[in-house]
Amino acid sequence: MRYCKLLVLCLLLTCCLHVLGGISDTTAGCSVKNRWTIKASVSGYKCWDKDLFIMFGDFERDNNVRRVNFRLEADYGLTKHLEVGLFAGFQDYKYVKILEAMNPEETFAIMKRTVAPTFGVGLNFHLLPIFVEEKNCRWDLYLTAKYGGCFLPHVEVDELDDVRTHYAHEYGAGLGIAYYIRNRAGFFAEFMFGNYSYFSNVQSSSNFRAGITFKI
C-alpha cells in the first residue's frame, strides 16, 4: 500500500512538471518577491504511546515513537528576501481509552488511534538573493521560524480531560533548503530547533521535515 501511494505521488509530480514546463517562467532568479510557494511535507513527531504501562503512570521518554505529522503550507514573498506564510495539517497519535469493568477495583484500557488538526504561521528569510543573481537559479536556501498549535481531540489518557489541556503549541527556528526541477517544482527539507512535542510527558527539541514544493 505504501509503495502504491509513493507511485501515485511520483506520477502526480511528473505530470505537474510537464504541465508547468509549458508555462512561461515568471519565477526566474532567486528573488521571492510577489511569488507564492506551496509545500506539502511530512515529519515524524515523538509520541508516547509505545509504553505499554502508560495506564500506570510509567511515562518513559526512551520508549517514545514517532508518528506522521503531515502539513500543507503556503508562503508569499513580500520582498526580495522575505516570505510569510500559513500552514495546516494533522498529527497521527494514540491515546488510552479507559473501559468500564464489572469489578470496580479493576481497570481496563485500550489504545485508540486518532488524528489532531495542526495549524500555524511561518517566516522565511532567503539568503541566496544576497549572493546569487543567476536567472535560472534552481536552489533555495533560507532561514525559517515558525509558530503553530495542535488541538488534541483526546489527551494522553481520556480520564484526565479535566486536568490537561487539549491545546498544545510548537515553535522553532532553523534552516531550509530546496531544489527545483525546471525552476517550478522540486523538493525541500528543513531542520529546526525548538519545541516539537504535543504531549506533556514527551520532550523533543529538534525536528526534520521534508516534502515537495511548487513555485507559482
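Since the structure is predicted, the reported quantities are computational estimates derived from the model, not experimental observations.
Within the 4.5 Å cutoff, side-chain heavy atoms of Tyr45 are placed close to those of Arg209. Counting heavy atoms from C-beta outward, Leu175 and Phe191 have side chains that stay 4.5 Å or more apart.
The CG atom of Leu78 sits 8.5 Å away from the CG atom of Leu123 when rounded to the nearest 0.5 Å. The SG atom of Cys150 sits 11.5 Å away from atom NE2 of His169, with the distance rounded to the nearest 0.5 Å. With values rounded to the nearest 0.5 angstrom, Asn195 atom CG is found 10.5 Å from Asn207 atom CG. Thr114 OG1 to Leu152 CG: the interatomic distance, rounded to the nearest 0.5 Å, is 9.5 Å. The NE2 atom of His126 lies 10.5 Å from the NE2 atom of His81; values are rounded to the nearest 0.5 Å. Annotation: the span from Phe208 atom CZ to Arg66 atom CZ amounts to 11.5 Å, rounded to 0.5 Å.
Gly174 and Met192 get closest at one heavy-atom pair: N-SD, 3.7 Å. Nearest heavy-atom pair, Ala185 versus Phe214, reported as atom, atom and distance to 0.1 Å: CB-CD2, 3.4 Å. When every heavy atom of Arg67 is checked against every heavy atom of Asp92, the shortest pair comes out as CB-O, 3.2 Å. The two residues Gly149 and Tyr167 make their nearest non-hydrogen contact at CA-OH, 3.5 Å. Minimum heavy-atom separation, Trp36 to Ala74: CZ3-CB, 4.1 Å. Contact between Trp139 and Cys30 at its shortest, heavy atoms only, is O-SG, 4.5 Å.
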Test salt bridge (Lys or Arg N to Asp or Glu O under 4.0 Å) applied to Arg35 and Asp140, step by step: CA-CA 13 Å; Arg35 186 188 87 184; Asp140 264 346; 3.2 Å; yes
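Put simply, the side chain of Ser197 gets close to the backbone of Val202: a donor and an acceptor are under 3.5 Å apart. Judged by distance alone, the side chain of Thr213 and the main-chain N or O of Lys39 form no donor-acceptor pair under 3.5 Å. The main-chain N or O of Phe151 is never found under 3.5 Å from a side-chain atom of His166 such that the two would form a donor-acceptor pair.
Transitive grouping of hydrophobic side chains (ILVMFWY, heavy atoms separated by less than 4.5 Å) brings Leu127 and Val132 into a common cluster. Side-chain heavy atoms closer than 4.5 Å link hydrophobic residues (I, L, V, M, F, W, Y) into clusters, and following such links, even through other members, never connects Tyr142 to Leu82. Transitive grouping of hydrophobic side chains (ILVMFWY, heavy atoms separated by less than 4.5 Å) brings Tyr179 and Ile212 into a common cluster. Two different hydrophobic clusters hold Ile38 and Val32 under the rule that ILVMFWY side chains link at heavy-atom gaps under 4.5 Å. Hydrophobic clustering of Ile, Leu, Val, Met, Phe, Trp and Tyr side chains at less than 4.5 Å, counting indirect connections, keeps Phe119 apart from Leu72.
For the residue pair Glu190 / Thr144, no side-chain donor-acceptor distance below 3.5 Å is found, with atom types taken as modelled. In this structure, a donor-acceptor pair under 3.5 Å is present between the side chains of Tyr76 and Asn34.
A salt bridge links Glu170 with Arg71: the closest approach of a Lys/Arg side-chain nitrogen to an acidic carboxylate oxygen falls below 4.0 angstrom.
In summary, of the residues considered (Tyr198, Phe90, Tyr196), a side-chain contact (heavy atoms from CB on, under 4.5 Å) with Asn69 occurs for Tyr198 alone.
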